[in-house]
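This structure is a prediction, so every number in the text was calculated from the model and none was measured.
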Amino acid sequence: GYLTPRFFLNEAEWRDKTVFDFTYNDIKAVQAVYHPDSGRSFRIDFNSEKDFTVSSPVTGQKLPQPDTATVVNYLSEFVYLNFEFFDFMLTQAQKDSMLRLPPVCTFSITDKGGKETRVKFYNIQVNPFSITTTDTTGERTKYDVDRLYAFINNDKELVGVQIFAFGKIFRSLGEFDAVRRKTSAIR
């Protein structure tokens, strides 16, 4: 028989599309640095079972009372986060140019073995493949609200990710503050 229809040679069609796949117990530290809104940036260090340090990587200031349940739930969100597509539209010069700009956010996850996985996220301009092109007021948006670009594998590959899948990891420092959460719940 003829095997070509049964097997495909295009690597992009069969390659693993994992960006992050860490269980709660695998993670030693998570850091998210946002641009230009650096006040949202945070770092979580896993010290021991239900003992965390949450701080700002920008100021170094630690939260006096991190919300343990929120931190545990958050660290459980890094399982099976996969990208949607490889980018074939941008030239290498355009990718290099993008890397010279500050990303929307840079995530660094260090596992218990000391291996760091770093991913830089960038906005995608609205294009013919964008599903949503207007905001809630009907105004045309500049960036795709459903997807982001992500540089993975030490900035060697540019892929597209869905906000639907990755949105849950884009948190801010204040969301981990137990005192702030308790105060806002009372209001």
Side-chain angles (χ1 to χ4, degrees), residues 16-84 99 101-124 136 143-187:
D16 179 26
K17 293 185 174 185
T18 302
V19 176
F20 296 124
D21 190 16
F22 297 96
T23 63
Y24 159 81
N25 290 323
D26 292 336
I27 297 173
K28 180 179 179 190
V30 173
Q31 179 171 288
V33 178
Y34 293 95
H35 301 280
D37 190 9
S38 62
R40 294 183 57 211
S41 302
F42 63 88
R43 179 177 177 86
I44 300 172
D45 289 289
F46 185 94
N47 302 321
S48 63
E49 188 67 28
K50 299 199 175 153
D51 179 26
F52 309 97
T53 303
V54 181
S55 60
S56 166
V58 178
T59 65
Q61 184 177 6
K62 294 180 182 176
L63 293 181
Q65 282 186 276
D67 185 322
T68 304
T70 302
V71 172
V72 169
N73 287 337
Y74 179 74
L75 293 178
S76 300
E77 298 286 5
F78 289 91
V79 179
Y80 304 124
L81 287 175
N82 302 311
F83 64 85
E84 181 182 15
L99 278 170
L101 298 171
V104 171
C105 184
T106 301
F107 269 89
S108 300
I109 300 179
T110 306
D111 68 18
K112 297 256 172 98
K115 181 182 175 211
E116 181 184 53
T117 301
R118 189 186 75 228
V119 177
K120 296 176 183 174
F121 293 92
Y122 291 83
N123 285 319
I124 297 176
T136 55
Y143 298 111
D144 191 318
V145 297
D146 299 310
R147 290 176 179 78
L148 293 168
Y149 278 131
F151 275 100
I152 61 172
N153 298 328
N154 296 318
D155 299 338
K156 292 179 187 150
E157 295 180 290
L158 182 62
V159 297
V161 300
Q162 291 183 6
I163 298 290
F164 178 80
F166 281 77
K168 60 189 173 189
I169 67 170
F170 290 98
R171 299 282 191 90
S172 61
L173 178 64
E175 293 179 63
F176 300 106
D177 187 349
V179 174
R180 181 177 169 200
R181 291 177 64 82
K182 188 182 285 185
T183 305
S184 64
I186 294 171
R187 293 182 191 168

Worksheet item: Is K62 atom NZ crowded by more than 12 heavy atoms from other residues, nucleotides or ligands, each under 6.0 Å away?
Response: no

Worksheet item: Is the shortest heavy-atom distance from the side chain of F121 to the side chain of P103 under 4.5 Å?
Response: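 In short, these two side chains do not touch, never coming nearer than 4.5 Å.
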
Worksheet item: Hey, are the side chains of I44 and V54 touching, using non-hydrogen atoms and a 4.5 Å cut-off?
Response: yes

Worksheet, complete the sentence: side chain to side chain contact (heavy atoms under 4.5 Å, CB included) with F166: of V119, L148, V19, only one passes, and it is V19

Report yes or no: does [X] contribute a side-chain atom to a donor-acceptor pair with the main-chain N or O of [Y] at less than 3.5 Å?
{"X": "D21", "Y": "V79", "result": "no"}
{"X": "D111", "Y": "G113", "result": "yes"}
{"X": "D144", "Y": "R147", "result": "yes"}
{"X": "K28", "Y": "G114", "result": "no"}

Rounded distance (nearest 0.5 Å) linking atom [atom1] of [X] with atom [atom2] of [Y]:
{"X": "Y122", "Y": "L99", "atom1": "OH", "atom2": "CG", "value": "5.0 Å"}
{"X": "K120", "Y": "L101", "atom1": "NZ", "atom2": "CG", "value": "10.5 Å"}
{"X": "D26", "Y": "T110", "atom1": "CG", "atom2": "OG1", "value": "12.5 Å"}
{"X": "R171", "Y": "S41", "atom1": "CZ", "atom2": "OG", "value": "15.5 Å"}
{"X": "I109", "Y": "F20", "atom1": "CD1", "atom2": "CZ", "value": "4.0 Å"}
{"X": "I169", "Y": "L81", "atom1": "CD1", "atom2": "CG", "value": "5.5 Å"}

[X] versus [Y], closest heavy-atom pair with distance:
{"X": "E77", "Y": "N73", "answer": "CG-O, 3.4 Å"}
{"X": "D37", "Y": "R40", "answer": "OD2-CD, 2.9 Å"}
{"X": "S55", "Y": "G60", "answer": "CB-O, 4.3 Å"}
{"X": "I163", "Y": "V145", "answer": "CG1-O, 3.6 Å"}
{"X": "P57", "Y": "R43", "answer": "CD-N, 3.9 Å"}
{"X": "R118", "Y": "T106", "answer": "CG-CG2, 3.7 Å"}

Worksheet entry | Validation row, ring centre F107 to ring centre F170 under 6.0 Å | yes

Worksheet item: Is the distance between the ring centroids of F176 and F52 under 6.0 Å?
Response: no

Discussion item. Within the 3.5 Å criterion, strictly below it, is a donor on T18 or D16 matched to an acceptor on the partner's side chain?
Written reply: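 Yes, side-chain donor-acceptor contact under 3.5 Å.
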
Item to complete: I would like to know whether Y74 and V30 meet side-chain contact (heavy atoms from CB on, under 4.5 Å); could you show each step before the answer?
Response: CA-CA 10 Å; Y74 179 74; V30 173; 4.2 Å; yes

Worksheet item: Checking side-chain contact (heavy atoms from CB on, under 4.5 Å) for the pair Y149/F83: CA distance, chi angles, key distance, verdict?
Response: CA-CA 9 Å; Y149 278 131; F83 64 85; over 6 Å; no

Item to complete: Decide yes or no on side-chain contact (heavy atoms from CB on, under 4.5 Å) for L173 and Q61, but give the supporting numbers first.
Response: CA-CA 11 Å; L173 178 64; Q61 184 177 6; over 6 Å; no

